[in-house]
Amino acid sequence: MSEKIMMMVSKQHQQTVKRLYKIIFRLHKSLPTELKSIGDSYVRNEFKLHKSANPEQTAKFMNEWANYVQILMKQVNPKFKQKIGQDLSEQRFDEFNDNQIHQLYKLFKETTGYEK
């Protein structure tokens, strides 16, 4: 690909990431205050960490956050009357790498006040 096309693709990707980021924060405004605070912090950190991800990681990252948006849209919409949050299946948990498990544990401690 030419350099000009690569720059256009890169710019388009940046716009897509920014749009997804803004949508997430807009949805978080509908969460209870304590969940909004934790969620906002987590999202900022995750997006910052993935700035230098490879294309395969980036595709998975964007897909997972897009799925999160779809789920959260239903959970914050009173028409659907769904609880906020979602249980993590054992199968899904088994797909996590060590870093993801560590992040999940940190999130658990932060949300429950658990200290060990």
Side-chain angles (χ1 to χ4, degrees):
M1 269 191 218
S2 75
E3 189 173 323
K4 188 174 181 177
I5 292 173
M6 289 295 286
M7 286 178 61
M8 286 174 48
V9 169
S10 177
K11 183 76 170 167
Q12 186 177 20
H13 173 71
Q14 288 173 356
Q15 290 171 340
T16 302
V17 172
K18 285 180 184 179
R19 192 170 27 252
L20 181 61
Y21 188 79
K22 287 179 181 182
I23 290 169
I24 292 168
F25 280 95
R26 217 173 298 128
L27 286 167
H28 280 188
K29 288 180 181 181
S30 300
L31 295 174
T33 306
E34 61 279 355
L35 291 179
K36 179 188 178 309
S37 175
I38 291 167
D40 288 354
S41 176
Y42 186 77
V43 170
R44 275 188 208 96
N45 187 46
E46 282 294 298
F47 275 74
K48 194 181 293 182
L49 288 172
H50 281 81
K51 278 187 176 180
S52 59
N54 68 42
E56 183 180 325
Q57 291 169 324
T58 300
K60 184 171 175 94
F61 177 83
M62 293 296 289
N63 188 49
E64 291 298 323
W65 282 106
N67 288 338
Y68 172 76
V69 164
Q70 294 299 314
I71 292 166
L72 193 55
M73 285 174 80
K74 289 179 183 169
Q75 292 177 349
V76 300
N77 186 333
K79 182 171 74 173
F80 291 107
K81 298 179 181 169
Q82 292 187 355
K83 70 175 180 137
I84 303 291
Q86 190 175 39
D87 293 333
L88 185 62
S89 72
E90 190 173 328
Q91 177 189 1
R92 184 84 172 148
F93 185 77
D94 288 342
E95 295 172 358
F96 284 13
N97 63 35
D98 289 343
N99 186 40
Q100 291 169 316
I101 291 170
H102 178 71
Q103 285 180 295
L104 186 61
Y105 182 66
K106 279 176 49 179
L107 187 60
F108 164 75
K109 288 189 341 186
E110 189 173 332
T111 57
T112 63
Y114 180 81
E115 292 294 326
K116 187 173 181 182

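We're numbering straight along the sequence, starting at 1. In this text the structure is predicted, and so the values were computed from the model without any measurement.
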Restricting to non-hydrogen atoms, name the atom on Val76 and the atom on Ser30 that form the minimum distance, rounded to 0.1 Å. CB-CB, 3.7 Å
Closest non-hydrogen contact found for Met62 with Thr16 is CE-CG2, 3.8 Å
Mind checking what makes side-chain contact (heavy atoms from CB on, under 4.5 Å) contact with Asn99, not counting sequence neighbours? Asn97, Gln103
Should Ile101 and Leu88 be regarded as members of a common hydrophobic cluster, given that ILVMFWY residues are connected when their side-chain heavy atoms come within less than 4.5 Å of each other, either directly or indirectly? yes
List for me each residue that meets side-chain hydrogen bond (donor to acceptor under 3.5 Å, both in side chains) alongside Asn54, sequence neighbours excluded, and say none if there are none. Gln57
Do Leu72 and Leu31 come close enough that some side-chain heavy atom pair is under 4.5 Å? yes
Qualifying residues under side-chain contact (heavy atoms from CB on, under 4.5 Å), relative to Met73, sequence neighbours excluded: Leu27, Val69, Gln70
Which ILVMFWY residues can you reach from Ile71 by hopping between side chains whose heavy atoms are under 4.5 Å apart? none
Does a side-chain heavy-atom distance below 4.5 Å link His50 with Val17? no
How about Glu95: does its CD atom have over 12 heavy atoms from other parts shown lying under 6.0 Å from it? yes
Same cluster for Val43 and Ile84 if Ile/Leu/Val/Met/Phe/Trp/Tyr side chains link at under 4.5 Å? yes
State which residues pass ring-ring contact (aromatic ring centres under 6.0 Å, His included) with Phe25; sequence neighbours excluded, sorted by chain then number. Tyr21
Atom CG of Asp98: over 12 foreign heavy atoms under 6.0 Å: no
Sequence neighbours left out, what passes ring-ring contact (aromatic ring centres under 6.0 Å, His included) with His102? Give chain and number order. none
So which pairs with a foot in residues 66-77 pass salt bridge (Lys or Arg N to Asp or Glu O under 4.0 Å), sequence neighbours left out? none
Sequence-distant partners of Tyr42, side-chain hydrogen bond (donor to acceptor under 3.5 Å, both in side chains), two or more places apart: none
Kindly write out the residues that satisfy side-chain contact (heavy atoms from CB on, under 4.5 Å) with Ile38, not counting sequence neighbours, or none if the list is empty. Leu107, Glu110, Thr111
Salt bridge (Lys or Arg N to Asp or Glu O under 4.0 Å) contacts touching residues 25-47 (sequence neighbours left out): Lys36-Asp40
Just say parallel, tilted or perpendicular for the rings of Phe47 and Trp65, cut-offs at 30° and 60°. tilted
Would you list the pairs meeting salt bridge (Lys or Arg N to Asp or Glu O under 4.0 Å) in which at least one residue belongs to residues 49-68, sequence neighbours left out? Glu64-Arg92
Would one find more than 12 heavy atoms of other residues, nucleotides or ligands at under 6.0 Å from atom CD of Glu90? no
List for me each residue that meets side-chain hydrogen bond (donor to acceptor under 3.5 Å, both in side chains) alongside Gln100, sequence neighbours excluded, and say none if there are none. none
